[in-house]
There are 2 protein chains.
Amino acid sequence: MTESSWGVKAILHESFAEIAKAAAHPHRLALMEHLAQGERNVDALATVTGLNLANASQHLQSMRRAGLLSARRDGKFTLYRLADDSVLDLLDAIGRIATSNAAAVKEVVSSYFNERDAMEPVTRRELRQRMKAGTVTVLDVRPAEEFALGHVPGAINVPVGDLKRRLADLPRSKEIVAYCRGPYCVFAFEAVAALRAAGYKARRLEDGLPHWRADGLPVAL
Amino acid sequence: MTESSWGVKAILHESFAEIAKAAAHPHRLALMEHLAQGERNVDALATVTGLNLANASQHLQSMRRAGLLSARRDGKFTLYRLADDSVLDLLDAIGRIATSNAAAVKEVVSSYFNERDAMEPVTRRELRQRMKAGTVTVLDVRPAEEFALGHVPGAINVPVGDLKRRLADLPRSKEIVAYCRGPYCVFAFEAVAALRAAGYKARRLEDGLPHWRADGLPVAL
DNA sequence: CCAACAATCAAGCGAACGATAGAATGATAG
DNA sequence: CTATCATTCTATCGTTCGCTTGATTGTTGG
């Protein structure tokens, strides 16, 4: 009985290691960040991450084998997506360890969080209430393709690169809440900084669309 | 502004990958499982995991560099421990993905969970209440050294290998709740099975001591 | 100061990984 | 049925990883 547990432990640790290994590459993390926004085909993912097609395909397959992704065929496209919301938890856990224990990350984060209180994010709960009350403008600063895969209902899509030239689209009367891909997507930080510089009252939403969706909150298409 | 974010993303993904990589090895996962029980020196960890000393030392150092572990010197010993409770979250997230998406793990888990309802674990909250009411015997089936590093107050320590010959130490009147190192430590499953075979009423505690401690519940020494 | 022990360091080896290019497969549209 | 496009497969090459061995550093106790 206890002899058998030797092998069991080994099997579990080996399986766990395969999952961690599948997440343990910068390119694969980038791919997952994009996949968290919604289903995408290989070519689109390769383009957006700047990877060679075959290379992207191999990374995606290795993550699929490990159980991080699932794939389905649609016509001549292979559409990949995150296997599960638990994959988001994994990414969150890694991020939390990084922000508290990795020097490089602490530095980057603090350079974006320099106005500590001011950058304090709006919670999903709070945003939901203020949306109902109509006291806030929601701004989605991701690229249009990602916006198209799902966004916070009523949000305005202005990719961060277009923000300066499209300030006129945004009402000055209400506070603006900006969001993007996730807790470590810098677009929302940059957007808030730019908006404030232009005299707007702006804050960012905690995390991004993937967490909003995983929380069971409504998503518009 | 948006040009700078290219590099920022790369830095973050690289740092995140280092953390995942540090967790992505069966031996390192085994080491962390033991460290979750409390501080240990290199030699003790090498022995308990069956690793060569230098090898264990190298694995521990790589995890320390990645921010998963911290170390302190005590006399001629180097005592390692988990850097943070967030490391437990990482291990949990990996485990959750494994149980839902990895074939090998699903098989192992289902073989231990074969009596689904019967194996349903006791929650920490429930155990705490029943401890106060005195309606339960708590059984710690980990090795004595780990018990010594901290255990649920009032728990009886009977390492799983000694269980059959020490059944007399356990009262038949109350239900027994067994726990060990964590959600994937098989000792508690085996103990519950053995106890039931001997006519006891027994269940296992959800997770193990590390989660009990991380939850802020009292730990005795 | 020296002997004993804990841990790390340094070098070397085989195995696994990651990227690339080119061939092969699968699916659709004419 | 063929041409085309999306993706995967195969082979290759350089790099990194993991383990072992033996030497080195650091700390304690006599």
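From a predicted model like this one, the values you see are computed outputs, not experimental measurements. Below, read A as the first sequence line, B as the second, and so on, with proteins coming before strands; counting in each chain starts at 1.
- Following rounding to the nearest Å, Asp74(B) (CG) and dG26(D) (P) show an atom-to-atom distance of 18 Å.
- Considering all non-hydrogen atoms of both residues, Val141(A) and Cys180(A) come closest at CG2-CB, 3.7 Å.
- Note on residues 142-169 of chain B: pairs passing ring-ring contact (aromatic ring centres under 6.0 Å, His included), not counting sequence neighbours, are Phe147(B)-His151(B).
- At dT8(D), one or more side-chain N or O atoms of Ser57(A) fall inside 4.0 Å of OP1 or OP2 (strictly under the cut-off).
- Looking at Ile94(B) and Asp92(B), their side chains never come closer than 4.5 Å, going by heavy atoms from C-beta outward.
- Using modelled atom types, one side-chain atom of Glu206(B) and one backbone atom of Arg124(B) make a donor-acceptor pair closer than 3.5 Å.
- The CG atom of Leu79(B) sits 13 Å away from the P atom of dA6(C) (whole-angstrom rounding).
- With hydrogens and angles disregarded, a donor-acceptor distance shorter than 3.5 Å links the side chain of Asn157(A) to the backbone of Arg142(A).
- The side chain of Gln61(A) has dT8(D) as its nearest neighbour among dC9(C), dA7(C), dT8(D).
- Here Tyr80(A) reaches the OP1 or OP2 of dT8(D): one of its side-chain N or O atoms lies under 4.0 Å away.
- Summarising the geometry, the separation between CG on Leu45(A) and C1' on dT8(D) is reported as 15 Å, rounded to the nearest angstrom.
- Rounded to whole angstrom, the span from the CE atom of Met63(B) across to the P atom of dT8(C) amounts to 12 Å.
- Screening residues 12-26 of chain B for side chain to side chain donor-acceptor pair (under 3.5 Å) gives Glu33(A)-His13(B) as the qualifying pairs, with residues at least two apart or on separate chains.
- At least one donor-acceptor pair closer than 3.5 Å links the side chain of Trp212(B) to the backbone N or O of Pro218(B).
- Nearest nucleotide to the side chain of Lys76(A), out of dA6(D), dA19(C), dT8(C): dA6(D).
- The C1' atoms of five pairs define one axis at each end of the helix from dC1(C)-dG30(D) to dG30(C)-dC1(D), and these two axes lie 30° apart (to 10°).
- Taking the six-membered ring where the residue is Trp, the centroids of Tyr184(A) and Phe16(B) are separated by under 6.0 Å.
- Note on residues 42-52 of chain B: no pairs pass side chain to side chain donor-acceptor pair (under 3.5 Å), not counting sequence neighbours.
- Protein atom CZ of Arg64(B) is 11 Å distant from nucleotide atom C1' of dT8(C), rounded to whole Å.
- In this structure, the NE2 atom of His59(A) is 10 Å from the C1' atom of dC17(C), given to the nearest Å.
- Nearest to the side chain of Gln58(A), among dT7(D), dT20(C), dA7(C), sits dT20(C).
- For the contact set between residues 48-55 of chain A and DNA chain C, defined by any heavy atom under 4.0 Å, the members are Asn52(A), Asn55(A).
- For Thr78(A), whose side chain is taken as the heavy atoms from C-beta onward, the closest listed nucleotide among dT8(D), dT27(D), dA19(C) is dT8(D).
- In this structure, Arg181(B) and Lys9(A) have side chains that are in contact, with non-hydrogen atoms separated by less than 4.5 Å.
- Look at CG on Leu60(A): it is 12 Å from P on dC9(D), rounded to the nearest Å.
- Checked for salt-bridge contact, Glu120(A) and Arg203(A) miss the test: no charged N lies under 4.0 Å from a carboxylate O.
- Judged by distance alone, with hydrogens and angles left aside, the side-chain atoms of Asn41(B) form a donor-acceptor pair with the main-chain N or O of Ala44(B) at under 3.5 Å.
- Annotation: proximity of residues 17-32 of chain A to DNA chain C (heavy atom, distance under 4.0 Å) is found for Lys21(A), His25(A), His27(A), Arg28(A), numbered in ascending order.
- For the pair Arg65(A) CZ and dT8(D) P, the computed distance is 11 Å after rounding to whole Å.
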